[in-house]
Each structure stands twice: as structure tokens, then as C-alpha cells.
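Within every chain, numbering begins at 1; the chains are lettered A, B, ... in the order of the sequence lines, protein sequences first and strands thereafter. The model shown is predicted, which means the values in this text are computed figures rather than measured ones. Computation of the quantities below employed the complete heavy-atom set of this structure, encompassing side-chain atoms and omitting hydrogens, waters and symmetry-equivalent molecules.
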Amino acid sequence: MCDDKTKGDKSILIMNHTLAHILAYSLQKLFPSIKLYIGPATEEGFYYDFKVPNISVSVDDFDDIKKEMIKIIDLDLKISRSETSFVDSIKGLDDEKGEYKKVILNEIVGKDAVVSSYKMGDFVDICEGPHLSSTGSASKHFYIDTISGAYIRGDSKRDMLQRISVISLGNEKKLKVFLKNRELARQADHRLLNKELDLFVLEPNIIGPGLAMLTENGTVIKSELEFLATEKERRFNLLRVFTPHIAKEKLFLKSGHLPYYKEDMYPPFKIDDEDIYLKAMNCPLHHYIFSRHNRSYREMPIRYTEFSTVYRYEASGSLSGLMRVRAITQNDIHIYSREDQVVEEFRKIIQLHKEYYNLLGIKSEDFFLELSLPDDNKDKFIEDDSEWKKTAEFIREAVKLENIEFKEVQGEAAFYGPKADFQVKSAIGTVYAISTSQVDFAGTKRFDLTFVNDKGENEKVYVIHAAPLGSYERTIGFLTEHFVGAFPLWLAPIQVVVMAVSDKFQSYLNNVFAMVSVEFVNNATRGIRCNIDKSDERLAKKIRNSTRQKVPYIVVVGENEEKSNTVSVRTRGSNKSVSMPLEKFVQMIKSKIESRDINL
RNA sequence: GCUGCUGUAGCUCAGUCGGUAGAGCACUUCCUUGGUAAGGAAGAGGUCGCUAGUUCGAAUCUAGUCAGUAGCACCA
């Protein structure tokens, strides 16, 4: 997913890098006081970061910028390279306009390097290169896409610059296809689909930003996922527990989450002179359940799970529909394990993921696995080299045993241990962790989590944190986008809509409705979810309404059906209807629901 | 949180130069009893996100604020 083939195409990267310079040159012509920062090529094109003092460049300027760029391309300016020493390069920069270029030289290039510059016309930019030999060979088929903010060196404590992002794929055809595909992807945005599907409600002004409510439709999906998880729990020997949503400050101080994560928790309220926090995580509470009595090596591992909501004061700018919310409901698993069991337990968690993903039709190209390790930032990660190494190796081993490809990233670990995140892309391209599994070697120390080993000694517990179904909010958002609203039968909020050709056939319609919506044995709450459409509309209109809600089966009855005790069934995705005996239809649906068949 | 953009009916949107609002869909009622993606008519529905300010007068101009959004930063 992340290593696509276009990435290896060097010539496009070179051209886009040259186009970035052309963009910068154009901007400099239009805004002479501009301070340029950096302009790399990306997978889809390139961008340039800059700041114009007292002026904010806007989308209204895009036309002018494009014209300037085309002009520079048409002039076919020669591009030449020159080299200078670090000191001369610094000296050569204007104090004002070169402010951010100096950042590059001082912080990225370094004193000992020879600094290369590329020149086109009267525009010179410090750059490693390589570049095209002249501007004329750059493609004019680029699309100035967005203007937004970006921090210097990605550091939120520094100045924010403006970033113009351009899509450039080398030719017109690729550009058109890209833009068209992106438009299609945007139609899969769960926020957009929600207008038809009516799964959730956000009332940021009244209830609060990031506090999502599920409607009766969304709640069906949540419940189905919960049934599924409950079934799996039994198979994987997970034990269900239950904990409160609030706790004293002491708990989170002990766990180490405070003061580390104070900013990310809702501010506390005072009761009897003590600060009470809304929980932002379940682990410390589960730890107390685990450690309520002494544990023998014989009973390990102990696997707890809880369906619970945690509250995180997520940054306002990061909130997005159901994908990033502030009240997060997870199926949160904590496995208390002996050292020699960690790999096997972690492996089981990966297997659990596989089972879920198979069932949901999520293929390996839909996600990627990221192994997150610490970097040398001592404020973010607990210091203990040997434990970090050991636990990272546990995860690598488990993941390798399950034959899943992964990539490793530094600096993304949890403060208490390395983690393996399943990452997915949303419809608009934002990457989200859909589930996370972590090995914790530190929390265990703080809570003195131990068991008595076969030598009668206290031995350290390793905790695996996992939420293989992610949060309901994000998972429902992701699944909505994944299926573009056309949920598999077992997840569909409404599985069948029955309607009659005219209300002459009311009684047969009622009969069919009663037969279809009958609940069945193995799980009473998993009967067939059937709606009856009694609206005074023409048949075509009723079909249209249900079709837009992506209802899997639309059942129509009239004179013919009544006579023969059949139904006319229109399956989602088809515009033809098939006649079949009522009994047969109900049986078919029943078995597909019970087996969680992905196909209709 | 930062930068930009946006905020008019449940939804999608229109509203000229400042003169207290309009359409389509949805909703309600009536007509229509109609065989597979929009039948017709009428009606109801809005302190123009909120708060100040400018003005005789603000949906429209200004400031602040709340929220959404695109990125960036964050993401236990």
C-alpha cells in the first residue's frame, strides 16, 4: 500500500522537483517579498512552503500562479548547477528573504557540506537536485490543488508557513484519472454517506465537538460488531470485565498517564477535595482487577476485555466525523502474560485481527501494519534499552509468524512500549490507525504487576494492550467508507424493505412483513431487520428511496405474488427483480445472516 | 492547537449596490391505487452560527467568539 510502483519512477520526481522551483520562481515574481522555505516532490506531485510577510496567498491567486508557471516553462530557461561552501552560501542569502533558507542550511544541510544551487533565469534556489536541464521539458499538465498551513520542520512551536500543493503526474491522462478517482473516493466519505444512511449525529454546538451519537441505524452496526466480538471472546478465552468511567487523580498519577497526558484528558472536577478525571484509557483500572490477589504462573495468562468508552480531549483541528472523536468506545483487551508467553499471545491477537478482517472483506491491500518504536526523545519514552529491544523483538517475531508484512517507524511508540498499528486510509486519504496492539513493560512496574513463578519468586508481568476492532466510532466510519455505504447483509441496519404495488395488497404485505421480520433461534437479537414501506408513493419512488439507503433486499408484492404466495426480490446492485417463494427467500436470508456472508 | 477557507429551512443551495429572506428535495394534508431509481396540488417550516460594533436601517460591512472544513501539528 505504501510502496507503490510510481514511487520508483525517478524521472517524475526530478521533473516535479523542477516544477517546484518553477512554482517558487512564479511566486517570487508575483510576491517579491516572499520568503521561500522548501519545495520537495511528493508521491502525487510537489509542494512549496513559503511565507509572504503581511500577505496571505489564496486560491484566488492560483490562476495567476499557473500562468506564471506556464510562462516560465514556455521560455525554456536553462537550469544550471553551481556549488559553494556552507559559509559562502549563508553569506549569499538576504537577511529577510533568506530567513528560512538559513534554517535549511543550519539545521538540515550542515556546516561541512558543499551546498549546491540551481539557477533558472534570475531565480536561484539552494537545492540538492537533480533537476531537468531546462524548464521547457517540464509537463504543463499539473493542477494547483490546495493552499494550507505547514510548520517549519513540522514543529508546532515554530512559525507556520503557507504550503501550495500541486498534483503533477507527468501527463494529462494520468492527471485526469487521478482527479476523477479522487472525486470518486470523496463520495465514499462517511460524513457524506451519512446523509443518506443516517448512522450518526453530531451536534457540536449543543452537545460538543467530537461527541458522536449513533442513531438506531448506526447502533445496529455497533451491536453486530459487539456480538461478533463476544463470540470471538469465548474462542480466545477473553474474560469480560467492567469498570467506571471516572477515577481519582491518584490512579492516573500512578499509571504515569498524568502528568504526561494531562493535555489530552478532559480537565478534572473536584469531589470531596479530590480531583476526579474522566478516564482516557482503561488499562490502570484493569490492572487493579488483575492485581486484586496474588497470581500463580499456572493461571497466566489472564486476558481481560471490556467494551467501554474513554474520553480524550483530542485537538480541535484533528476532529473529523466518526474517524476522530472525543468519546471513544473500544473493545479494549489487556493480556497479563509471562515473558515466555508474550509472543504467542501477541500472535493470537494478530490471528484475531485476521479473523475479523476476513469476515469484513478487508484485504491486505486495504491496510498496512506499522511497528512503532521509540526514538531517543527521553520525554516521550521510558528509558530502558534492553526492554525496548526485547519487546520490539517479541512483536517482530509474532508478526512474522503470522506472515504479515510490516514497516517499522521510529518515534511513534507508546511511552510504555512498542506497538503494532493496523493503518487504513480514509476516503479523503487521511491515514488512521484502525486498531492497535502494544506490549507494555513499564506499566507493569508502576502497578507492581507480578505473578509467583515455579521457583516461588515474584516475576514481572508483561501486558499486551489490544483493541482489534478498534473503536466503534472509527471502525463504523471506516467500514462505511470501505463498503461505500453498501454494508454486507449481516451489518446492514435495514436488511429488507417490503412494499406493495398498491394498498389493495395491504394484508398480504403485512403478512410478508410478519414472516420476514420473524426472529430466529440462535440469537434472538439477530432476527431479520425488515422495514415496511407504507408510504403513499408510487412503486418506483419507494424503490428509489430504499435504493438510496443501500438496503440489501427490496421486496415487492402485488396481485401475482399474493396469488402464488411468492415475493418479488430486488437485490442491491441489480436493477432486475426475481420472483421466489416467500419461504425460500426467508431461508436464504437467514442463512446468509447466520454465516455473515459478505455477498448478497 | 496553528494557518487558510466556510457558516442562510432537516438536506443541497440562491440572495444583486446594506432596505428584517427564496428555490428544489425531505415533511404534513388532499388528489392519485399506481408493477421496479422522482405522479400531481396545496401547506407548514428560518431571530440568516452567536455576541458586540458601524449605520436611520445589517443575512449583507467590521471585530470578537463558537463550529465545520483543508492541510500542518497531535494521536496512550
Span that lies between the P atom of G22(B) and that of G15(B), in whole angstrom: 15 Å

Salt-bridge criterion met for K35(A) and D159(A) (N-O under 4.0 Å): no

Sugar-phosphate only, base, or nothing, as touched by A540(A) at under 4.0 Å among non-hydrogen atoms: sugar-phosphate

Closest to side chain of N205(A), choosing from A67(B), A76(B), U36(B): A67(B)

Sugar-phosphate, base or nothing in reach of S156(A), heavy atoms under 4.0 Å: sugar-phosphate

Rounded interatomic separation in angstrom, taking CD from Q506(A) and C1' from G34(B): 14 Å

R324(A), nearest nucleotide to its side chain (from A37(B), A67(B), C74(B)): C74(B)

Per-pair stack call Y261(A) and A76(B), 5.5 Å, 30°: yes

Among A76(B), G39(B), A37(B), the nucleotide that comes nearest once only the side chain of M265(A) is considered: A76(B)

Touch class at under 4.0 angstrom, heavy-atom based, for R191(A) against every strand present: sugar-phosphate

Sugar-phosphate only, base, or nothing, as touched by Y151(A) at under 4.0 Å among non-hydrogen atoms: base

Nucleotide of A70(B), G1(B), A37(B) approaching S316(A) most closely (side-chain heavy atoms): G1(B)

Side-chain donor/acceptor of E561(A) to base of G35(B), under 3.5 Å: yes

C5(B) - base-pair partner by Watson-Crick or wobble geometry, distances under 3.5 Å: G68(B)

Cation over ring face, R326(A) and Y313(A), 6.0 Å, 45°: yes

